[in-house]
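Atom set for the values below is all heavy atoms of this structure, side chains included, hydrogens, waters and symmetry mates excluded. What you see is a predicted model; the values in this text were computed from it and never measured. Residue numbering restarts at 1 for every chain, and letters A, B, ... go by the order of the sequence lines.
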Amino acid sequence: MLFEAIALSDAEWQAIILSLKIAGSAVGWILVPGVAVAWLLARQDFRGKALLDGLLHLPLVLPPVVVGYLLLLSLGRHGWLGQWLYQGFGLSLPFTWQGAAVAGGVMAFPLLVRAVRLSLEAVDPKLEAAAGTLGANRWRVLFTITLPLAVPGLLTGTVLAFARALSEFGATITFASNIPGETRTLPLALYTLIQTPGREAAAARLCVLSIVIAMLSLMASEWLARRARQRLQERDR
Amino acid sequence: MLFEAIALSDAEWQAIILSLKIAGSAVGWILVPGVAVAWLLARQDFRGKALLDGLLHLPLVLPPVVVGYLLLLSLGRHGWLGQWLYQGFGLSLPFTWQGAAVAGGVMAFPLLVRAVRLSLEAVDPKLEAAAGTLGANRWRVLFTITLPLAVPGLLTGTVLAFARALSEFGATITFASNIPGETRTLPLALYTLIQTPGREAAAARLCVLSIVIAMLSLMASEWLARRARQRLQERDR
Amino acid sequence: DRADPVRIYAAASMTDAMNAAIQAYESDHDVDIVPVYASSSTLARQIASGAPADIYLSANEQWMDWLAAQDLPVGERVDLLRNRLVLIAPTASDIAGFTPGDGTTIASRLGDGQRLSVGETSHVPAGIYAKQALQSIGEWNALQSRLASGDNVRAAMALVERNETPLGIVYQTDAEASDRVKRVGVFPDDSHQPITYPLAVVDPTPSDDTEAFRRWLAGDDALAIFSRYGFTPVESD
Amino acid sequence: MSGNAHHSTPGEIHAPAGTALECRLRKRLGTFDLDIALTVPASGVTALFGESGSGKTSLLRLIAGLDRPDGGYVRLGERMLSDTQQKIHVPIHRRQLGIVFQEARLFPHYRVRGNLTYGMPRSGRARFDDLVTLLGIGHLLERLPGALSGGEARRVAIGRALLTQPRLLLLDEPLTGLDGERKRELLSYLVRLTREIDLPVLYVSHDTAEIAAIADHLALIEQGRLTAHGQLDELMMRLDLTERLGGFDAATRLRAQVVDHDHAYALTQVVLDDGQTLRIPALDQHPGTPIRLRVGVRDVALAHAMPEGTSYRNGLAAVIDAIEPSTQEPSANEVRLMVGRQRLRARLTRQACDEMQLAVGRPIVALIRSVAFDSRF
Amino acid sequence: MSGNAHHSTPGEIHAPAGTALECRLRKRLGTFDLDIALTVPASGVTALFGESGSGKTSLLRLIAGLDRPDGGYVRLGERMLSDTQQKIHVPIHRRQLGIVFQEARLFPHYRVRGNLTYGMPRSGRARFDDLVTLLGIGHLLERLPGALSGGEARRVAIGRALLTQPRLLLLDEPLTGLDGERKRELLSYLVRLTREIDLPVLYVSHDTAEIAAIADHLALIEQGRLTAHGQLDELMMRLDLTERLGGFDAATRLRAQVVDHDHAYALTQVVLDDGQTLRIPALDQHPGTPIRLRVGVRDVALAHAMPEGTSYRNGLAAVIDAIEPSTQEPSANEVRLMVGRQRLRARLTRQACDEMQLAVGRPIVALIRSVAFDSRF
Ligand SMILES: Nc1ncnc2c1ncn2[C@@H]1O[C@H](COP(=O)(O)OP(=O)(O)OP(=O)(O)O)[C@@H](O)[C@H]1O
Ligand SMILES: Nc1ncnc2c1ncn2[C@@H]1O[C@H](COP(=O)(O)OP(=O)(O)OP(=O)(O)O)[C@@H](O)[C@H]1O
Ligand SMILES: [Mg+2]
Ligand SMILES: [Mg+2]
């Protein structure tokens with residue numbers, strides 16, 4: 001009885017797995033560009049830096065539905081970018097889980113970049129210079145000194161991005177639609193239930209599920225961060 | 001002609017001012033608790049730390065509409081907390097701009113905490129210890145050493161929080177409703193237009209407006225951050 | 001291996017009724033029906049951007065009109081269902097039943113500073129109808145500034161359920177599904193445009209399954225199911 | 001303080017009069033084990049000497065309250081700062097200690113002036129200008145620490161600690177990176193400070209010349225243990241420590257009194273307690289002032305009689321007290337002489353000892369060049 | 001290298017044979033102005049000496065490429081590393097310089113082993129174990145830098161730089177915080193290294209004893225300008241620099257050759273180029289090896305004739321070459337002697353000079369105690 005009450009329905013499992021898949025890919029595809037942009041903003045000075053900085057914050061500033069709509073306009077099959085993607089690579093993003101991942105990734109991008117940038121800026125340039133004098137070129141310095149020392153920010157950024165992608169709703173439903181098994185993630189399923197009078201109990205279940213998943217991923221990241229910190233701990237904590 | 005095309009309508013002005021007021025108060029009321037919680041998480045070890053950490057990330061993980069609904073449950077006039085607020089202080093949050101600020105603040109809270117925490121963790125505890133040996137108590141260390149050195153994170157956190165509050169939609173409309181002049185912020189106005197057939201042009205105007213406001217606040221924060229960094233710049237940049 | 005599924009894009013307020021109908025249909029047809037729920041506007045825009053929809057069921061005529069104007073091959077249009085606009089109050093409310101426009105004003109039932117919850121009157125269908133109804137019973141001017149508008153009917157009803165507002169205007173179907181609200185009055189059918197749910201095939205080359213399902217939806221079996229959820233059939237007048 | 005009665009070594013409880021700091025501390029750091037009981041006299045400089053990694057900084061950190069001991073206590077004057085048994089741990093900022101860390105640790109967001117005044121009580125203002133001048137950082141006051149040279153940063157760190165008006169100074173190699181002249185000035189300032197306001201100082205340094213110049217007491221640390229502790233002069237006379245105190249240009253300090261100044265030659269005549277006199281480079285001290293003279297073991301030559309026609313102006317009649325092979329220098333013997341009631345050490349090649357037929361009890365003349373006196377502290 | 005022909009001082013273009021580094025650099029930092037032209041010989045240690053804030057670190061940073069000069073160039077051997085006119089700026093990591101910074105700058109996330117091997121080419125493995133032993137950090141290899149003592153961190157930083165097998169070593173006060181014994185070992189290792197593989201070293205230090213022990217050349221920096229530059233020995237003989245080189249225990253270095261060992265007394269006999277001999281503490285060198293002996297000015301006494309019955313074993317017949325008042329010590333004269341064709345400096349009180357009636361051209365005996373020789377390097 002209790003077991004049945006707790007056991008997840010197929011639809012629930014589907015939504016969970018889909019959510020994880022979509023949030024995971026979202027974070028996956030933005031990780032490298034996110035770190036690269038963060039590094040650019042933290043360590044380089046160039047023309048249009050303020051513009052780039054502003055642009056990448058747009059998803060944060062606009063209501064998600066608007067972002068979803070803009071995505072539909074640009075990446076939809078009739079959009080300028082979408083057309084090119086479709087004709088060039090046969091890739092169609094709207095109404096697919098890949099599209100949902102794109103929507104989640106776009107919404108999560110500024111959070112990732114901000115956190116990573118903050119950590120990169122806190123890395124002591126003296127250590128990078130020291131690595132240089134030991135013969136390490138830019139890339140080696142980046143991968144052996146800068147990024148390892150920015151691990152706290154990488155972790156924070158990743159977990160924020162993951163959480164954001166996991167909870168993404170507005171842009172997803174607008175851009176990727178609410179298709180069961182394809183783009184109906186936990187928040188969309190939750191929305192669908194909330195829209196329905198009398199389905200509060202089911203909605204609450206999903207709500208708890210979301211919370212549990214988020215808590216688990218948070219705790220994992222905390223644990224990793226703690227380990228990373230402990231390694232570097234100096235004597236004055 | 002051109003001027004008229006660019007000039008803002010009263011409703012637009014109203015939405016802008018309201019948005020700024022609401023986002024501003026949202027950031028205002030979460031700033032101190034946010035920094036306090038970030039400090040707790042960064043510098044203290046206590047029971048339930050993981051729980052607190054998880055809880056404050058909830059707004060990030062749940063769809064905003066759900067958060068709005070939960071706010072209604074707790075802070076609505078008949079909610080357990082809202083009742084107390086109403087009876088004790090005559091304070092009623094739903095349907096008021098204060099309620100919208102609460103919704104924005106709650107949604108922005110995790111972003112603020114995360115950024116500040118990241119910066120606090122990067123502050124060299126050796127400097128705090130040194131201040132201690134010079135006779136500074138905890139509070140003085142906090143206000144003269146820790147926080148000033150965490151300025152990059154404070155700025156990043158504030159701008160993220162402000163941007164998030166400025167773009168807040170789901171929780172706001174659910175908790176504070178969409179009342180012109182009271183809670184109809186830019187995103188709510190924008191959403192209303194998008195959902196109305198044939199109002200694309202007006203929607204685009206508001207979209208651009210949102211972007212401009214966000215860009216301005218971003219640039220201001222960048223400028224402050226750059227100044228703060230330059231002051232501390234050591235010889236190895 | 002089964003044929004392609006039939007995708008029906010339906011207004012979110014239809015969720016429960018449509019799910020029941022699909023379940024019934026699938027039980028004696030060898031076909032896979034995939035429902036996609038979102039707000040009518042979102043669905044319309046998605047279909048316009050090439051979403052893989054076979055059938056569109058809108059909660060109002062505006063978006064069906066808009067879609068038809070988009071240079072898309074929208075098939076024959078059927079007004080599938082009707083709904084009624086009702087005035088609701090929390091179950092425990094002591095407001096006596098009355099017919100709006102029939103002597104007693106709604107405004108007189110609202111206490112000082114209390115609001116009437118409705119769907120957003122500019123784009124949420126239930127809100128648009130509510131505005132028409134209030135106008136026709138001559139209460140619009142008095143109530144315009146005392147509305148609490150949600151971004152969908154469900155949100156409007158939640159406010160009444162939570163007793164944040166003493167009264168709300170929602171569909172008959174919603175009022176019936178919730179046991180936390182009671183119906184206080186029904187708006188006269190002539191106080192607003194008829195509330196119809198138009199249905200159309202939007203696939204330029206509809207499969208046989210699609211046609212069959214569309215026909216079934218318009219049939220008596222389906223109507224019986226929808227009636228259980230409070231919808232009324234469209235009188236053939 | 002009866003609170004200590006439970007400590008295992010009751011003999012050490014009643015701190016001798018004039019003890020500023022008393023501690024007994026145990027701490028484990030990884031595989032390193034610190035276990036030290038130390039008393040710091042109320043006046044004068046106590047040098048902490050030991051090789052790199054022997055636990056000097058760790059001890060200072062425990063005393064400062066930056067680390068918590070695994071066991072033991074720290075008492076400053078009448079006040080218990082830490083006591084693991086009584087569960088006392090006075091927070092750092094209430095310990096009233098002035099600390100100069102091994103690294104400068106300046107606050108990067110305060111200007112030099114702000115760093116200096118951070119811990120300065122109002123009463124410190126009077127000393128501010130003097131100290132700034134002494135440290136030679138007057139032109140840096142409006143700079144941020146990021147734009148300072150290594151030595152400049154170090155000087156600011158020293159100034160910052162001195163301006164807090166602490167009850168005890170903990171200095172961890174404070175003068176590294178400073179040039180000779182500045183070092184000398186600072187050392188003599190520190191000496192003056194400790195003498196004038198009776199400020200006890202615990203001074204970590206690897207520089208034996210520095211220690212010899214400034215310290216009154218010496219604590220020798222090896223691998224987390226205190227292996228010798230006492231008056232510097234006493235320890236320097238102990239031939240068994242010669243090896244461990246190897247880094248020191250072994251030297252003796254003679255007590256003397258100023259008698260007279262010869263302004264033409266810029267010389268000062270001083271008298272030892274047995275009435276013998278020495279001529280040393282001029283000192284700015286009044287006749288009658290008691291002083292200490294540092295004489296390196298390599299600066300003392302021996303003769304059976306005062307030789308004629310040499311540049312030597314100082315010859316002290318002495319008696320040989322002990323002769324031992326040097327542990328520092330295989331070719332040499334360490335010779336201890338008595339000059340009146342004071343001891344004086346000399347180092348000669350064994351060959352010279354043999355050829356001169358030196359033996360304990362024999363009278364001898366100790367030749368010391370006037371220019372060899374290090375009277376600058 | 002015709003590329004330099006446009007530089008303003010053509011005389012300096014054709015670097016003398018055996019020049020490792022040649023630079024001419026201008027840089028403004030706030031109100032501080034650096035303008036220095038320096039050549040570093042291809043072998044041996046060049047010491048950079050100057051008071052705190054004189055621009056030593058700034059110069060090193062420009063050479064290393066950590067800062068860009070406002071004007072000027074840096075050439076290492078045949079390779080132009082920086083040239084503002086040709087717009088050349090070789091990035092740091094391709095300069096093949098080994099640098100020890102004033103602070104340790106260890107990578108906190110690498111263990112000690114990882115720090116040491118970070119810049120080590122494969123061919124460096126052979127030296128790894130030796131160097132680790134020499135530095136005494138064998139037991140620390142698996143530690144993270146956060147758990148090192150100050151001196152331990154410094155040693156790792158030195159090891160890290162030495163293991164890169166650089167073409168030039170830039171050391172910024174590398175030995176601060178190290179104890180005497182270790183310092184001596186490292187200094188002699190550095191000396192051996194530079195001799196064996198002809199590695200030029202630019203060595204910043206405030207410690208005059210360190211410089212005297214290790215440096216062949218000296219560059220004196222004052223307020224961003226080079227004020228003296230040349231062979232250390234030469235500069236030490238210049239009486240006009242006595243004040244500026246004040247920190248140095250002024251000393252002379254005598255060239256000599258090992259003749260014989262007296263194992264019983266642990267002494268070595270050496271001969272100067274004019275045939276006079278000296279006895280010094282035993283050296284581990286074969287007869288015939290040329291060596292340098294460092295003799296402090298305060299360790300040389302003068303006599304009209306070799307006195308009898310004293311501990312002196314070494315008396316060198318000399319002729320007085322110059323007598324000047326000491327700028328360091330008001331009571332003393334600096335006396336320059338010729339011993340054969342070599343110069344030797346001594347410091348006496350003016351009183352002694354007068355009483356002994358010293359005058360230029362007079363023959364004299366220079367008395368030097370055997371134990372005074374610093375033969376440890
Ligand atoms: N960014 C800067 N702005 C202004 N002045 C600077 C800056 N950086 C360095 N200086 C000044 O340049 C001078 C030379 O500094 P540098 O670090 O080269 O000295 P240094 O000879 O290495 O001294 P030390 O022995 O104390 O390390 C110092 O007076 C310093 O204050
Ligand atoms: N967290 C730690 N884990 C393991 N060992 C440690 C830790 N901290 C310090 N040590 C070890 O403790 C010993 C004492 O360190 P301490 O810093 O007190 O030395 P020190 O005497 O100040 O040396 P130095 O003169 O080099 O500064 C060192 O061997 C060091 O490696
Ligand atoms: Mg130490
Ligand atoms: Mg320097």
Side-chain angles (χ1 to χ4, degrees), chain D residues 29-30 50-53 57-58 102-103 136 143 147 149-152 155 172-173 176-183 206 208 246-247 262 265-267 279 281-282 298-299 301-305 307-313 329-332 347-353 356 367 369-372, chain E residues 29-30 50-53 57-58 102-103 136 143 147 149-152 155 172-173 176-183 206 208 246-247 262 265-267 279 281-282 298-299 301-305 307-313 329-332 347-353 356 367 369-372:
Chain D
L29 292 159
E51 65 174 13
S52 170
T57 300
S58 304
Q102 222 165 342
E103 339 81 51
R143 288 251 192 100
S149 82
E152 289 164 350
R155 283 179 270 160
D172 202 348
E173 308 192 33
T176 52
L178 296 192
D179 48 282
E181 197 45 47
R182 196 118 266 151
K183 217 171 194 165
H206 288 296
T208 49
D262 175 346
Y265 282 120
L267 292 175
R279 264 173 297 178
R298 300 195 316 198
D299 287 327
L302 298 184
H304 291 303
E308 292 297 312
T310 71
S311 55
Y312 276 103
R313 288 291 159 278
E329 177 54 67
S331 65
R347 182 178 293 169
L348 316 200
T349 55
R350 284 187 279 123
Q351 193 185 33
C353 286
M356 288 180 74
L367 303 174
R369 308 192 57 217
S370 297
V371 292
Chain E
L29 293 160
E51 65 175 12
S52 170
T57 301
S58 304
Q102 223 166 339
E103 339 81 50
R143 288 252 191 101
S149 82
E152 288 164 350
R155 284 179 270 160
D172 202 347
E173 309 192 32
T176 52
L178 296 192
D179 49 283
E181 196 46 46
R182 196 120 265 152
K183 216 170 194 167
H206 288 296
T208 49
D262 175 347
Y265 282 120
L267 292 174
R279 265 175 295 181
R298 299 196 316 197
D299 287 328
L302 299 184
H304 291 303
E308 292 297 312
T310 71
S311 55
Y312 277 103
R313 289 290 157 279
E329 177 54 68
S331 65
R347 182 179 293 169
L348 319 199
T349 56
R350 284 186 280 121
Q351 193 185 35
C353 287
M356 287 181 76
L367 302 175
R369 307 193 57 216
S370 296
V371 292

By a 4.5 Å heavy-atom criterion (distance strictly below it), what part of [X] contacts chain E: side chain, backbone, both, or neither?
| X | result |
| --- | --- |
| D:Asp172 | neither |
| D:Glu152 | both |
| D:Arg350 | both |
| D:Ala332 | side chain |

Option in D:Ala301, D:Pro307, D:Gly30, D:Gly151 with maximal non-hydrogen atom pairs under 4.5 Å from chain E |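 Looking at each of D:Ala301, D:Pro307, D:Gly30, D:Gly151 in turn, D:Ala301 comes out on top.
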Do D:Ser52 and E:Arg182 have side-chain heavy atoms sitting under 4.5 Å apart?
->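 When only atoms from C-beta onward are counted, E:Arg182 and D:Ser52 do not touch, as no gap falls below 4.5 Å.
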Roughly how far apart are [X] [atom1] and [Y] [atom2], rounded to 0.5 Å?
| X | Y | atom1 | atom2 | result |
| --- | --- | --- | --- | --- |
| D:Met356 | E:Arg313 | CE | CZ | 7.0 Å |
| E:Arg369 | D:Asp299 | CZ | CG | 8.0 Å |
| E:Leu367 | D:Ser311 | CG | OG | 7.0 Å |

E:Thr310 side chain vs D:Ala303 backbone, donor-acceptor pair below 3.5 Å |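 Pair absent, no side-chain N/O of E:Thr310 close to backbone of D:Ala303.
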Among the options E:Ser370, E:Cys353, E:Ala266, E:Pro330, pick out the one with the most heavy-atom pairs lying under 4.5 Å from chain D.
->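 Option with the greatest count: E:Ala266.
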Return the option, out of E:Gly136, E:Ala305, E:Gly50, E:Gly53, with the maximum number of heavy-atom pairs under 4.5 Å with chain D.
->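 So the answer, after comparing E:Gly136, E:Ala305, E:Gly50, E:Gly53, is E:Gly53.
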With a 4.5 angstrom heavy-atom cut-off, which part of E:Gln102 approaches chain D: side chain, backbone, both or neither?
->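 E:Gln102 touches chain D through side-chain heavy atoms alone.
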E:Arg279 and D:Gln351 side chains, donor-acceptor separation under 3.5 Å |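 The answer is yes; a qualifying pair exists.
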